[in-house]
Amino acid sequence: MPDTLEDKLKQQAQNAKRAIETFKKIDFQVDTLANVPDDRYLAGYFTPYTKTITINYPEQYPEAQKLLSTERSLYLQHEEQHRINNKKGISVYDIKISPDQFYKLCAADEISANMAELIYLREEYIKTKDLSLFDKDEKKFEFYKEAVQRGNINPLSSDPKDFNKDMSLIMNGTQKMWLTKYLPNYQQQLRTQTSAYIISNDRQIFAKDDSTFQALMDKTYTLGGVNFNKYNEQNLLENNPIIITEPQRLFRQENLEKTLDGDGKEDWGDVARLMITTSQNEDITDEKSLKNYLKEKNSKGAEYNNYLKNYPLWENETKRTSEILYTNVLDMEKNIIKKPQQSSAESQKNSSSQKSLARLRELRGLTSPDDKTPSSSKPRLLMLETPAVDDKKAAYSQKISLNPFLTKKIADLRELRGFR
Amino acid sequence: MIQENRLIQEMEIKEKIIFLQSFITLIRADGKIDKDEKELIAEFIKSYRITPQYFAEIKNIPHQKTLLASLKEIIPNRHHALFFFKELLTIANIDDELAHEEILFIEAAAEALHIEKEKILQINELILEKKIWLAKAEKIMEYDS
């Protein structure tokens, strides 16, 4: 634990920075007539084509409504992670990796969304010390709660060893939980996604590209400023029998051809159904239009997405969505996970952090300490000069124009001090 | 805030000058003072209503050891001293990073004015809480969009 004044002040500043950067506002819609099966309610989903998040709120299931009200922020955190991953190029169709790598990537996308939920709960736990938080969402994070209870991990510790154990459990524990508990339910979705990937690429089967794949996995598993892929020692995804055999069984090119030519209508139907549910006005009745649809709406869908981001209110017998709603979720693209604190002695030695500070200053439009501009060519700062009283008015009129960063800084200073 | 306005009104010019000299010392603790940082100082000059005739004196900053001794001599009481640290820590927290040299100066000033480290941490926390509050307000009230 830090004990010098410097360590404590720095920790306070770091905590504040985290608190400020923690949340971001996201948009979503609610579907009150969601068509969900009796035994399991789909909490929500992200639609890649429109970049929209929909939370189901089925009127016919009061229990589901209750759950969706209390745990909505958790589901939104999950769906927002899919949106972030999509933005990073995860599970989009214009990448060139083998079908089984694509299949794995889609699975990793789901694991990543679950990790976002766990990180959200972990942050709440750090604030409240309430272990029952981990019972939320079908108790999927019970493994984490038990590890805290047993003392195997300690999210409150600032010891680097504890931090590494914690991060490792978030990665490997979530992966294990998802593969055991959820993969069977997601097999159909992964198959559909991979079919759509192949179709949209004119049924080309790309060779394995380990370098692209690993880079995408790093992106998928980077949340809250931590690359969890570095903690992925167990690599359970690679070794899971379903993950290994399913793509091989399903996506050999001849099978796919056969499927799409009519014998295996089920696969074609699944893909088509998925696409049709995302578009009320598109005419997708055959493979050709589906392929065009996929290409236009996924790879080149910017225009379409811009149109649809206005969330048109859908009303028909199976779906009724709300207008755009907004909420705050943890911003997983920021460094929200608190890392172990360096001691002041260590931080002094760390010259790279000094360089980062200089870079930060440059980025923010402030003069670098290394600025070699001759002082005579620099703008005069009149406030600290001593103009003659008669020259005062003229001097003030020459006042240098402030850059936007500085304007913001001065506004912050005024707000903080409470003076106008 | 009324309290703080009253404190500023109470302050004699020599006290205002030593405040300003300390702020400049803090800002240039990393080796130099740039034009943006001077603008921040200008903010204080404005709010303390210091007239240009004192600018030269402000610029004539004594050596840190002498400055710290003067702080002890000029700042009349604990209330003023606490206000001094609130202002000092506000400047220190404008950037996201607290430099090692800045903290050394704050620590030395606290020692000179007999302000406990715990109190420094409390004041710092107070400022940071306000900073967080303002950032939240910006998001909730959609001032950022």
Side-chain angles (χ1 to χ4, degrees), chain A residues 4-10 12-17 19-25 326 328 344 347-348 353-354 356-357 360-361 364-369 371 378-389 392 395 399-400 402-403 405-407 409-410 412-420, chain B residues 1 4-5 8 24 30-47 51-56 58-59 86-87 89-100 102-104 106-107 110 117 120-121 124-125 127-132 134-136 139-140 142 144-145:
Chain A
T4 68
L5 181 66
E6 173 159 7
D7 286 339
K8 286 179 179 172
L9 284 170
K10 283 192 166 176
Q12 281 182 338
Q14 196 192 30
N15 289 346
K17 194 178 167 193
I20 288 167
E21 290 181 346
T22 295
F23 288 98
K24 73 169 178 184
K25 189 175 71 180
Y326 295 97
N328 282 319
S344 55
S347 64
Q348 277 180 66
S353 71
Q354 298 292 330
S356 303
L357 182 60
L360 183 72
R361 284 188 169 157
R364 296 179 70 214
L366 302 179
T367 310
S368 153
D371 185 3
K378 289 181 180 175
R380 287 173 69 223
L381 187 104
L382 300 167
M383 287 297 196
L384 291 182
E385 300 299 334
T386 315
V389 177
K392 193 178 163 191
K399 192 175 178 186
I400 55 168
L402 303 182
N403 70 45
F405 299 107
L406 179 58
T407 308
K409 217 167 165 181
I410 288 177
D412 287 348
L413 183 74
R414 285 177 184 165
E415 292 269 27
L416 275 174
R417 295 178 67 227
F419 292 105
R420 300 279 173 185
Chain B
M1 210 38 58
E4 291 179 358
N5 277 323
I8 293 172
I24 294 167
D30 60 357
K32 77 187 282 282
I33 177 166
D34 65 37
K35 68 182 173 65
D36 289 356
E37 289 171 335
K38 283 180 183 174
E39 284 290 344
L40 294 180
I41 294 299
E43 272 297 302
F44 286 93
I45 291 179
K46 224 172 356 180
S47 70
T51 51
Q53 69 195 87
Y54 296 106
F55 289 176
I58 292 169
K59 282 166 66 182
K86 183 167 173 279
E87 298 281 63
L89 288 162
T90 300
I91 303 175
N93 281 296
I94 279 295
D95 284 322
D96 290 335
E97 305 276 343
L98 276 175
H100 173 66
E102 288 176 339
I103 295 170
L104 286 183
I106 292 165
E107 208 164 0
K117 286 182 181 176
I120 297 293
L121 289 169
N124 196 49
E125 191 68 34
I127 292 159
L128 291 170
E129 278 172 12
K130 188 167 182 185
K131 200 172 170 181
I132 294 166
L134 289 168
K136 277 188 183 168
K139 284 179 187 169
I140 292 167
E142 301 177 18
D144 52 345
S145 58

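Letters go in sequence order (proteins before strands), and every chain restarts at 1.
Among all heavy-atom pairs drawn from A:A13 and B:N93, the shortest one is CB-OD1, 4.4 Å.
Rounding to the nearest 0.5 Å places CD of B:E107 at 7.0 Å from OG1 of A:T4. How far CD of A:E6 is from CD1 of B:I106: 10.0 Å, rounded to the nearest 0.5 Å.
The most heavy-atom pairs under 4.5 Å with chain A, out of B:E125, B:K117, B:E129, come from B:E125. Between chain A and the options B:L121, B:I103, B:N124, heavy-atom pairs under 4.5 Å are most frequent for B:L121.
Contact of B:L134 with chain A is made through the side chain alone, with heavy-atom distances under 4.5 Å.
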